[in-house]
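Notes for the one structure printed next.
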Amino acid sequence: MEKRRVRTLLIVATIFFSLGALAGIFPAMFSPMMFDAPGSEHNLTTIVLFLSVLTFPISCLLGIALSWIFYGLNFLRAACWLAF
């Protein structure tokens, strides 16, 4: 892979995943309200939904950061895998 194509791919991925992380921050902020009902803290479905909503923006931002780090270290294939 050539470095220029990988950089273009990372720029596009950064834009899309930044927008996804920005859109996912608001549901993550309100996700603790899932536990307002009595007994909901013991419901496995609610806990899994809470964790998935909470980790979505984190995984978007972490994927962007790690892909650029691997790009800087010249691990181009790993940077592409982490971007998507």
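Only this structure's heavy atoms are used, side chains among them; waters, hydrogens and symmetry mates stay out.
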Other hydrophobic cluster members with Val48, side-chain heavy atoms of Ile/Leu/Val/Met/Phe/Trp/Tyr under 4.5 Å, chained?
Leu44
ILVMFWY cluster, Phe84 and Leu82 together (side-chain gap under 4.5 Å):
no
For Ser67 and Ala83, the nearest pair of non-hydrogen atoms, with its separation, is CB-N, 3.9 Å
Output all residues satisfying ring pair (Phe, Tyr, Trp, His ring centres under 6.0 Å) with Phe56, sequence neighbours left out; order by chain, then residue number.
none
What are the two closest non-hydrogen atoms of Ser40 and Thr46, and how far apart are they?
O-CB, 3.8 Å
Should Ile64 and Leu19 be counted in the same cluster of Ile, Leu, Val, Met, Phe, Trp and Tyr side chains packed under 4.5 Å apart?
yes
Co-membership, hydrophobic cluster, residues Ile15 and Phe17, 4.5 Å side-chain
yes
Test of understanding: clusters of I, L, V, M, F, W, Y form through side-chain heavy atoms closer than 4.5 Å, transitively. Do Leu9 and Ile11 belong to the same one?
yes
Minimal non-hydrogen separation, Pro27 against Ala23, with atom names
CD-O, 3.1 Å
What verdict does the side-chain contact (heavy atoms from CB on, under 4.5 Å) test give for Glu2 and Leu76, after you've listed the backbone C-alpha separation in whole Å, the side-chain angles of each residue and the deciding distance to 0.1 Å?
CA-CA 8 Å; Glu2 63 183 72; Leu76 302 179; over 6 Å; no
Would you compute the distance between atom CG of Leu61 and atom CD1 of Ile25 and round it to the nearest 0.5 angstrom?
6.5 Å
Got a second to check how far Leu54's CG is from Met34's CE, nearest 0.5 Å?
9.0 Å
Cluster companions of Trp81 among Ile, Leu, Val, Met, Phe, Trp, Tyr (side-chain spacing under 4.5 Å):
none
Exercise: identify the closest heavy-atom pair between Leu10 and Ala79
CD2-O, 3.8 Å
With sequence neighbours left out, what residues match Thr14 under side-chain hydrogen bond (donor to acceptor under 3.5 Å, both in side chains)?
Trp68
What residues, two or more places apart in sequence or in another chain, satisfy ring pair (Phe, Tyr, Trp, His ring centres under 6.0 Å) together with Phe16?
none
Not counting sequence neighbours, list each pair that qualifies as a ring pair (Phe, Tyr, Trp, His ring centres under 6.0 Å) and has a residue in residues 22-42.
Phe35-Phe50
To the nearest 0.5 Å, tell me how far Thr55 OG1 sits from Leu51 CG.
7.0 Å
Assigning hydrophobic clusters by single linkage (Ile, Leu, Val, Met, Phe, Trp, Tyr; side-chain heavy-atom cutoff under 4.5 Å), is Phe75 placed with Ile69?
yes
